[in-house]
Structures are given as structure tokens and as C-alpha cells.
A.B. asks: 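Encoded as C-alpha cells, here's the structure I'll be asking about.
The figures that follow rest on heavy atoms only: side chains count, while hydrogens, waters and symmetry mates do not. Just so you know, ligand 1 is whichever comes first in the structure, and atom 1 is the first atom listed for that ligand.
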Amino acid sequence: MEPQFSYQNMDKTARYEQFLKDFIPYISDEHEEISVLANTTAALRQAFGWFWIGFYLVRDEQLVLGPFQGDVACYRIRYGRGVCGTAWAQASTQVVPDVEQFPGHIACSGSSRSEIVVPLIANGTVHAVLDIDSDTLATFDDTDRHYLEILCGKICDEIYKD
Ligand code: SME
């Protein structure tokens, strides 16, 4: 049976600490991009319950929808567009407390209120972005940025480094 990533009665920091401790060994021997990204979205959904969790993959000068958990979402995002395209262009995490205040935000779902997008960078190149949406305002902060950047770095070590 596969491990479960379900945690109760933990604050955010403790939940991330436990999640990383449990999840990083789980991906440590698998190098297939789609498989690792798919299980990452499922595990994050189990651990944190956010409304939409998914990856957009850099393909031919665009971001293309990859593995995700949640409602159907837009297929393609152009470089520099929306929160995802901005994270790609700037190669930096975007924390958006209110999506309506982010110029050019792309609304895949009317339920999204706040968002965080973390680029997956290996050897100086952005290969994908992790996009997480919440249906409440100001869900994400520097704690989320800190731990999700660690997670994305570990994922890169497994699937994008030679
Ligand atoms: N809101 C994103 C688009 C992707 S959906 O949230 C799944 C953006 O502005 O890039």
C-alpha cells in the first residue's frame, strides 16, 4: 500500500515539516517527470486540501497544463502572462493574496481567491511551475513560499537534473 499524507491537528509549519519528511523519500528513486508531478499534486491535496494544485510544463515557448488535482483548467499560458507566466518569466515565486489585484491574472475558475506559483528551476532553466489556488483570500505567505520552494527543489533534483 502506498503511504498516506494525511495530517490532523497541526499548524502550517508542522504540517509542511512532516509532509517534507514523509514525501521526499517517496520521490527519491523515481525520475519520470509526469509520474512524480502527478503524485506530488495528489499528496499536496491530501496534506493541505487546497482547491486547485497543479503543474504547468514549459513546452515550446509556452506553459502547457500538466498533472493536477481540481477542476478542469486552461491548457496553455504564454510567457509573462498571468501569475504562472510571470513566475516563469521572472524565475521567482509569486505569492498573490488577492487574485483580483494581480494585473493580468488568468481566471481558470471563478472560485480562486488567492494563489501561489513556484517555478521548478534546474541548471538555471525553468522547466515547469507549481500553481496552487485557494478559495479564500490571503491563504499563502512566506511559510508556504519557503517550504514549497524546498519541495520544488527536491523534485527538480529527481526529474530535471542529469
Ligand atoms: N491563475 C493562473 C492560471 C492557471 S489556473 O489558476 C489553474 C494564472 O494567472 O497564471
Side-chain angles (χ1 to χ4, degrees), residues 5-7 12 15-16 19-20 23 26-27 30 32-156 158-160:
F5 302 96
S6 181
Y7 311 111
K12 185 153 77 176
R15 193 171 293 239
Y16 273 115
F19 178 78
L20 291 179
F23 189 68
Y26 185 60
I27 61 170
E30 181 55 65
E32 180 63 41
E33 179 190 38
I34 295 299
S35 307
V36 170
L37 298 183
N39 264 343
T40 301
T41 64
L44 284 171
R45 173 77 173 225
Q46 237 186 356
F48 296 93
W50 294 305
F51 156 80
W52 199 91
I53 303 158
F55 290 92
Y56 279 88
L57 313 176
V58 175
R59 296 284 188 269
D60 299 331
E61 310 301 315
Q62 289 187 323
L63 291 173
V64 180
L65 183 63
F68 70 93
Q69 300 266 315
D71 292 348
V72 293
C74 43
Y75 280 114
R76 289 172 188 271
I77 296 172
R78 284 191 279 162
Y79 186 80
R81 298 300 175 91
V83 187
C84 293
T86 301
W88 177 21
Q90 297 185 4
S92 69
T93 298
Q94 307 293 307
V95 179
V96 182
D98 180 353
V99 296
E100 287 180 15
Q101 304 302 316
F102 189 96
H105 167 258
I106 299 164
C108 289
S109 164
S111 302
S112 178
R113 292 284 172 270
S114 59
E115 184 166 357
I116 185 168
V117 179
V118 182
L120 277 68
I121 305 169
N123 304 320
T125 301
V126 177
H127 293 265
V129 300
L130 168 62
D131 178 17
I132 302 175
D133 286 73
S134 165
D135 57 6
T136 56
L137 288 168
T139 296
F140 307 104
D141 56 22
D142 279 344
T143 301
D144 300 276
R145 176 201 299 263
H146 173 72
Y147 286 107
L148 291 171
E149 286 180 352
I150 293 173
L151 173 66
C152 288
K154 298 290 182 189
I155 293 170
C156 283
E158 297 305 325
I159 63 176
Y160 295 127

A.B. asks: Using atom types as modelled and distance alone, determine if a side-chain donor or acceptor of Gln90 lies under 3.5 Å from a backbone N or O of Trp88.
C.D. replies: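 The answer is no, because no donor-acceptor pair under 3.5 Å joins these two groups.
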
A.B. asks: May I ask you to identify the nearest protein heavy atom to atom 10 (O) of ligand 1, giving residue, atom name and distance to one decimal place in Å?
C.D. replies: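 Nearest neighbour among protein heavy atoms for atom 10 (O) of ligand 1, to 0.1 Å: Cys84 N, 2.8 Å.
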
A.B. asks: Is it the case that the side chain of Gln46 and the backbone of Phe5 share a donor-acceptor pair, with hydrogens and angles ignored and the cut-off at 3.5 Å?
C.D. replies: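 The answer is yes, because a donor-acceptor pair under 3.5 Å joins these two groups.
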
A.B. asks: Anything under 30° is parallel, anything over 60° is perpendicular, the rest tilted; go ahead and classify Phe23 against Tyr26.
C.D. replies: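 The rings of Phe23 and Tyr26 sit tilted, inter-plane angle from 30° to 60°.
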
A.B. asks: Scan side-chain atoms only and decide if His105 and Glu115 contain a donor-acceptor pair under the 3.5 Å cut-off.
C.D. replies: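 Result is yes, a qualifying pair exists.
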
A.B. asks: With distance as the sole test, does Ser114 use its side chain to make a donor-acceptor pair with the main-chain N or O of Thr136 at under 3.5 Å?
C.D. replies: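 Checked: pair present.
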
A.B. asks: For atom 8 (C) of ligand 1, what's the nearest protein heavy-atom neighbour? Residue, atom name and distance, please.
C.D. replies: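 I find the closest protein heavy atom is Val83 N, 3.3 Å.
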
A.B. asks: Using a distance-only test with no angle check, is there a side-chain donor-acceptor pair under 3.5 angstrom linking Tyr56 and Gln62?
C.D. replies: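 Note: Tyr56 and Gln62 side chains miss the donor-acceptor criterion.
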
A.B. asks: Check each atom of ligand 1 against the heavy atoms of Cys108 and keep those under 4.0 Å away; list them by number with element.
C.D. replies: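 Answer, ordered by atom number: 3 (C), 4 (C), 5 (S), 7 (C).
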
A.B. asks: Given that the side chain starts at C-beta and the backbone is N, CA, C, O, which of these parts of Trp52 lies under 4.0 Å from ligand 1, counting heavy atoms, or is it both or neither?
C.D. replies: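 It is the side chain that touches ligand 1; the backbone stays farther off.
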
A.B. asks: Just by distance, no angles: are the side chains of Ser112 and Ser109 close enough, under 3.5 Å, to form a donor-acceptor pair?
C.D. replies: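 No, no side-chain donor-acceptor contact under 3.5 Å.
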
A.B. asks: Could you check atom 4 (C) of ligand 1 against the protein and tell me its nearest heavy-atom contact, residue, atom and distance included?
C.D. replies: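 For atom 4 (C) of ligand 1, the nearest protein heavy atom is Asp131 OD2, 3.3 Å.
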
A.B. asks: Could you tell me whether Gly82 and ligand 1 have an N or O pair separated by under 3.5 Å?
C.D. replies: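 Looking only at distances, the answer is no, because the N/O contact criterion of under 3.5 Å is not met.
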
A.B. asks: Could you tell me the residue and atom name of the protein heavy atom closest to atom 1 (N) of ligand 1, and the distance to it rounded to 0.1 Å?
C.D. replies: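 Looking only at protein heavy atoms, the one closest to atom 1 (N) of ligand 1 is Ile106 O, 2.7 Å.
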
A.B. asks: Going by the order shown, which atoms of ligand 1 are within less than 4.0 Å of some heavy atom of Tyr56?
C.D. replies: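 Near Tyr56, meaning under 4.0 Å from one of its heavy atoms, ligand 1 has 4 (C), 7 (C).
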
A.B. asks: Among Leu148, Ile150, Asp142, Thr143, exactly one meets side chain to side chain contact (heavy atoms under 4.5 Å, CB included) together with His146. Which residue is that?
C.D. replies: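 The option that passes is Ile150.
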
A.B. asks: Just to confirm my output: which protein heavy-atom neighbour is closest to atom 2 (C) of ligand 1, and how far is it?
C.D. replies: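 Of the protein heavy atoms, Glu115 OE2, 3.2 Å lies nearest.
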
A.B. asks: For ligand 1, does Val117 get within less than 4.0 Å through its side chain, its backbone, both, or neither, judged by non-hydrogen atoms?
C.D. replies: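 It is neither; nothing of Val117 touches ligand 1.
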
A.B. asks: Going by the order shown, which atoms of ligand 1 are within less than 4.0 Å of some heavy atom of His105?
C.D. replies: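 With His105 as reference, the close atoms of ligand 1 come out as 1 (N), 9 (O).
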
A.B. asks: Going by the order shown, which atoms of ligand 1 are within less than 4.0 Å of some heavy atom of Asp133?
C.D. replies: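 Per the distance check, 6 (O).
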
A.B. asks: Would you please name every residue forming a ring-ring contact (aromatic ring centres under 6.0 Å, His included) with Trp50, sequence neighbours left out?
C.D. replies: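 Listed in chain order: Phe48, Phe140.
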
A.B. asks: Would you mind telling me if ligand 1 is within reach of the side chain of Phe102, the backbone, both or neither, using heavy atoms under 4.0 Å?
C.D. replies: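 The answer is neither; Phe102 stays 4.0 Å or more away.
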
